[in-house]
Amino acid sequence: MSVLEKTEVPVNPGGAWVREQRRGPRRRRAWITGALAALVAGLLAVNILLGSYTVTIPDFLGMLGGETIPGASFIVMENKLPQAVLGLLAGASFGVAGAIFQSMLRNPLASPDIIGISYGASATAVAAIVLFGVGGTGVSVAAMAGALAVALLITWLARGRGGTGLILIGIGAAAFMQAAVTFLLSRADISNAQDILVWLTGSLNSADWNKVAILAVALAVLLPFAGLGARDLRGLALGEDTAAGLGFNVPRARLLLTVLGVLLAALPTAAAGPISFVAFLSGPIAKRLNAGAPSLPLAALVGAAIVLAGNFAAVNAIPGTSLPVGVVTGALGAPFLLWLLISSNRTNQGG
Amino acid sequence: MGAPALKIPVGGTTPAPAGASLPPAAGVLGAQGVGVPAAGVPAAGAPAAGVRGAGAPAAMETAGGGPRASTSISVRRRVIWLVVLAAVLAAAALASLAVGARNVPLPTVLDALFHFDPGNGDHAVVASRVVRTVAGLVVGASLGLAGTSMQGVARNPLADPGILGVNAGASLAVVAGIFFLGVSSVSSYLWFAFAGSAVAAVVVYAVASLGRSGATPVKLALAGAAMAAGMGSLMSAMLVTSQDSLDLFRTWQVGALAGKSWDSVDAVLPFVIVGTVILLATGKLLNTLALGDDTARGLGHRPGLGRAVSAVGIVLLCGSATALAGPIGFIGLVVPHLLRALVGPDYRWLLPMSLLAAPAILLLADVAGRVILLPGEVPAGILAAMMGAPVFIAVVRRGRQAEL
């Protein structure tokens, strides 16, 4: 909005002026995308190279090239690298999922982690692990099924009740799912419970190449669809009536985007747990960086940056123990949500 | 997004003839108001207060069956429900003594209560369930009364110690106590729980009520959810680093009534009694608050002071309940809605009756939890959340104006 507010519109805007006005935000977006990509790359490198065990860049490149350095190879290739890559993919996926829901429902609070979709994925994944001993791809499938079921249920329950109704009903659903996860947690063996606690907040500590591969393949399939859906999303962000007036097929676009958003929220949940508030934080930050317009690529980069930065902080905050990344994002996200409520109260819109 | 949600906030724009559309309880209070011409309200201020108060019947309407419901509900009906609820509570308590892994027939239960025989195995089973039942009574009554009072104080049909993050605040403080100071008894949990729930209640209410439209349901619920999530993260940070804390916490977190000792119950009982007395005295105040702060002020009440006093009672009750049984949500949400359907929106009846209905529901949940997954048990807190969340959703769905 700030760009528009500052600009004085000439009396008879000509084509050149309009082009100039359009070029501004576009150039700005290119700059910001580049800067964010550099930030994500930097954070990725920090996660891999620094920390309790540091690696030099030549050593790392050598290991990538297939060289084996005793000790270092295992830590980097089997531990730090998959963690960092999983963080990158999960963060990007959560970021896109959050931005899709927030733009589609036109409410920054309508992110999948607040309206219970991530907890739905978490609950079914934990149930699959604890009750049926499922692992690997099965967990992802269970998480997707759970997330879809929750999304279906809350949209059905909230039909005709607007975005706020959906959010409140989602909060109720999230409470139900959390009770289910807590219950499963209390029935599991204690050795398992440490792992399952991860399911309540989200963690990269259990990352391995198998999880990375599942998530990477799924994202490779889904992200092109997200690119296709971005146009529909821009239409829906104007409001359903306006979008319909502009010729968008609103029901189809909503269905496509909902399924896409749900899957993009469920897949990283299956791999790394419901990393709290990443989906919720990414969209608004990306929107602010992009001068008020929603942008899926920016949301993906912001999400990845949040998870990678959060993971580095979580792993290295207390020497000797490695906290789950969700602890850091949750502790940061909650004040942000409160701040969003306060600031939207001031302007009296939203919240 | 700017419109008030669920018709709760003050300042409804339809000028209604004050008094004409007010429920009888308000009519009585209105008469008092006439008798005590409020010093601070000049003559010109009176109609303004009337217009503002127009939000109040709407609030009542959202809260219960509408103003008409309260006119049609006679004292006789309320007394009948009072007796029915007392009977249900007695039945729930007896069921809690009788049902479990080893069922005891009812005559034996009564026998054990009045002619206890230490040598009798069934009597011993009943005796072991007495503490659990008493804990259920104390916790249920605390949460029910606190929830009812919260809905009145916040004028918000979605208020509940669990949803508003008050229980989460108490939990975080207790876990911090376990983690940093190694406390392990309920009497020391208590003080942490009080501090935590007080901080959470103040922060959530302050965040939600900033701004023009005041503490709308969606803002309160979101602020509560944010608090609960943030505190949950901090809690996890402590728990993943300490196996011992996790072990202690895991059994406490689920909101179980099992395994409580008399010492624990005794430790919280004085605070529960004080909190109960405070909140029971606020019935009239809550009725007035439902008409809007300005009207309440005009009628000679002091809303700010009243809210502060109620908050003390709420914190005492929520803190005690959480310290004793862990965070149990949704009891405080469900009970007032149930009672409003039965006896109307008059808080002078709702508050005392919540003391009967809430423990009955909690004990029934506890009894159900003992039998549905034999040989294991489902803790009462989990069942309460699983039964309460659908009620929460139903309440949201019934509030058709839930458009912020």
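In what follows, chains carry the letters A, B, and so on, assigned in the order in which the sequence lines appear, proteins first and then strands, with residues in each chain numbered from 1.
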Taking B:A223, B:G388, B:A229, B:A385 one by one, which has the highest count of heavy-atom pairs under 4.5 Å against chain A?
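Heavy-atom pairs under 4.5 Å are most numerous for B:A223.
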Return the option, out of B:A225, B:G162, B:S233, B:G329, with the maximum number of heavy-atom pairs under 4.5 Å with chain A.
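Looking at each option in turn, the highest pair count goes to B:S233.
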Other residues, nucleotides, ligands: >12 heavy atoms within 6.0 Å of A:K287 NZ
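Not buried by this count: 12 neighbours or fewer within 6.0 Å.
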Using 0.5 Å steps for rounding, measure from the CG atom of B:L222 to the CD1 atom of A:I171.
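The CG atom of B:L222 sits 4.0 Å away from the CD1 atom of A:I171.
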Report the option among A:L323, A:L337, A:L157, A:V328 that has the most heavy-atom pairs separated by less than 4.5 Å from atoms of chain B.
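When all of A:L323, A:L337, A:L157, A:V328 are compared, A:L157 has the most.
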Side chain, backbone, both or neither: which part of [X] has a non-hydrogen atom closer than 4.5 Å to chain B?
| X | answer |
| --- | --- |
| A:A314 | neither |
| A:F277 | side chain |
| A:L332 | neither |

Least distance between heavy atoms, B:G230 atom then A:A334 atom:
CA-CB, 3.4 Å
Among A:I169, A:I154, A:L168, which one satisfies side-chain contact (heavy atoms from CB on, under 4.5 Å) with B:I393?
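The side-chain contact (heavy atoms from CB on, under 4.5 Å) with B:I393 is passed solely by A:I169 among A:I169, A:I154, A:L168.
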Close side-chain approach of A:L338 and B:M227, heavy atoms under 4.5 Å:
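A:L338 reaches B:M227 side chain to side chain.
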Within-4.5 Å side-chain heavy-atom neighbours: A:R159 and B:R397
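Sidechains of B:R397 and A:R159: in contact.
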Which atoms of B:V378 are under 4.5 Å from chain A, going by heavy atoms: the side chain, the backbone, both sets, or neither?
both
